[in-house]
Amino acid sequence: MKRFIALLMILISIGLQGQEEAQRAFSDGVRLLKSTKYVEAKKQFSIAIEKGETDQGLKMSYIYKGFSLNGLGKYDSAIICFNKAIEIDSLDPASYTDRGKTYSYKKDYANAIKDFEQVLQLDSVGGQAEAACYYLGRIKMLTLENEAAINYFDKLLILAPKDAEAYFLRGTAKSNIMDSDGAIADSDKAIELKSNYMEA
């Protein structure tokens with residue numbers, strides 16, 4: 001019995017030590033990522049994943065490793081990391097936003113749209129919903145689907161009625177379909193909200 005208790009205490013000690021190493025590596029990785037030292041950051045997040053034990057810690061380490069890989073332009077590898085994060089927690093809309101943005105970077109708009117639509121299924125009114133509407137609108141503009149883009153910017157402006165960029169983008173989409181009056185009205189609103197908005 002004494003041997004069992006001693007072994008248990010050793011295992012707990014090793015587990016706590018591993019968790020401390022994971023937390024230290026994660027903190028170092030975040031610091032390096034903020035300094036755009038993507039290669040070094042990626043290494044630290046890999047250590048955090050190797051040493052980590054809690055689902056939340058592993059999820060965040062995969063997400064931040066994905067950010068580092070995005071910084072290196074390694075989008076396919078970043079997507080693998082976001083896949084892992086989603087496997088751990090499939091109900092977090094932010095992870096779908098992160099993966100959707102990465103699909104956008106590599107111009108895989110079909111998969112990006114799927115992810116941003118999934119975000120809207122999980123969060124229809126919060127910050128992630130705003131991000132999804134923004135990126136869906138931008139993608140639809142890039143694929144010359146301006147009426148669909150306008151619909152997404154309409155939804156974004158319901159959520160964020162003081163977003164000057166959303167008015168500007170919606171105005172641009174309206175201009176693309178020859179709605180001059182609508183484009184001018186949206187540009188005027190963008191300038192009203194942000195007086196130095198040169199593009200508007």
Novice: Given 3.5 Å as the limit, does a donor-acceptor pair link the side chain of Ser61 with the main chain of Gly57, or not?
Specialist: yes
Novice: Can you tell me which residue pairs pass the side-chain hydrogen bond (donor to acceptor under 3.5 Å, both in side chains) test with a partner in residues 153-162, sequence neighbours excluded?
Specialist: Asp154-Arg170
Novice: So, taking the atom named CG in Leu33 and the one named OG in Ser68, what distance separates them when rounded to the nearest 0.5 Å?
Specialist: 4.5 Å
Novice: Using every non-hydrogen atom in the two residues, find where Ile150 and Ala173 come nearest and quote the distance to one decimal.
Specialist: CG1-CB, 3.6 Å
Novice: Could you list the residues that satisfy side chain to side chain donor-acceptor pair (under 3.5 Å) with Asn70, not counting sequence neighbours?
Specialist: Thr102
Novice: Just to verify, what does Thr143 make a side chain to side chain donor-acceptor pair (under 3.5 Å) with, not counting sequence neighbours?
Specialist: Glu145
Novice: Quick check for you: to the nearest 0.5 Å, what is the distance between Gln44 atom CD and Arg31 atom CZ?
Specialist: 8.0 Å
Novice: Tell me who clusters with Ile191, hydrophobic residues only, linked when side chains sit under 4.5 Å apart either directly or through other members.
Specialist: none
Novice: Please answer: with hydrophobic residues joined when any side-chain heavy atoms are less than 4.5 Å apart, are Met60 and Leu69 in the same cluster?
Specialist: no
Novice: Only counting residues at least two apart or in another chain, list the ones meeting side chain to side chain donor-acceptor pair (under 3.5 Å) with Ser46.
Specialist: Lys65
Novice: Could you work out the complete set of other residues in the hydrophobic cluster of Met178, with links drawn between I, L, V, M, F, W and Y side chains under 4.5 Å apart?
Specialist: none
Novice: Enumerate the residue pairs fulfilling ring pair (Phe, Tyr, Trp, His ring centres under 6.0 Å) with a member in residues 36-59, sequence neighbours excluded, ordered by first and then second residue.
Specialist: Phe26-Phe45, Phe45-Tyr64
Novice: Under 3.5 Å, sequence neighbours excluded: what are the donor-acceptor pairs made by side chains of residues 192-200?
Specialist:
from: Glu192; atom 1: OE2; to: Lys189; atom 2: NZ; distance (Å): 3.2

Novice: Would Leu136 end up clustered with Tyr109 when hydrophobic side chains under 4.5 Å apart are linked, directly or stepwise?
Specialist: yes
Novice: Sequence neighbours left out, what passes salt bridge (charged side-chain N to carboxylate O under 4.0 Å, His left out) with Asp179? Give chain and number order.
Specialist: none
Novice: Tyr152, Leu156: one ILVMFWY side-chain cluster at the under-4.5 Å cut-off?
Specialist: yes
Novice: How long is the gap from CZ on Phe67 to OH on Tyr62, to the nearest 0.5 Å?
Specialist: 15.5 Å
Novice: What are the two closest heavy atoms between Glu53 and Gln19, and how far apart are they?
Specialist: N-OE1, 3.0 Å
Novice: Could you note down all residue pairs passing side-chain hydrogen bond (donor to acceptor under 3.5 Å, both in side chains) where residues 118-139 supplies at least one of them, sequence neighbours left out?
Specialist: Thr97-Gln128, Tyr134-Arg138, Tyr134-Glu165
Novice: Only pairs under 3.5 Å count here: list side-chain donor-acceptor contacts from residues 71-91, not counting sequence neighbours, and write none if there are none.
Specialist:
from: Asp76; atom 1: OD1; to: Lys106; atom 2: NZ; distance (Å): 2.5
from: Asn83; atom 1: OD1; to: Arg99; atom 2: NH1; distance (Å): 2.7
from: Asn83; atom 1: ND2; to: Ile79; atom 2: O; distance (Å): 3.4
from: Asp89; atom 1: OD1; to: Leu91; atom 2: N; distance (Å): 3.1
from: Asp89; atom 1: OD2; to: Lys59; atom 2: NZ; distance (Å): 3.0

Novice: Do you reckon Ile113 sits in the same ILVMFWY cluster as Leu142, going by side-chain contacts under 4.5 Å, direct or chained?
Specialist: yes
Novice: In Å, rounded to the nearest 0.5 Å, how long is the span from OG of Ser104 to CG of Asp115?
Specialist: 9.0 Å
Novice: Tell me every residue that passes side chain to side chain donor-acceptor pair (under 3.5 Å) with Asp188, counting only those two or more places apart in sequence or in another chain.
Specialist: none
Novice: Return the CG to OH distance between Asp108 and Tyr103, rounded to the nearest 0.5 Å.
Specialist: 6.5 Å
Novice: Should Ile47 and Leu58 be counted in the same cluster of Ile, Leu, Val, Met, Phe, Trp and Tyr side chains packed under 4.5 Å apart?
Specialist: no
Novice: Nearest 0.5 Å, please: how far is CG in Leu120 from CG in Leu122?
Specialist: 9.0 Å
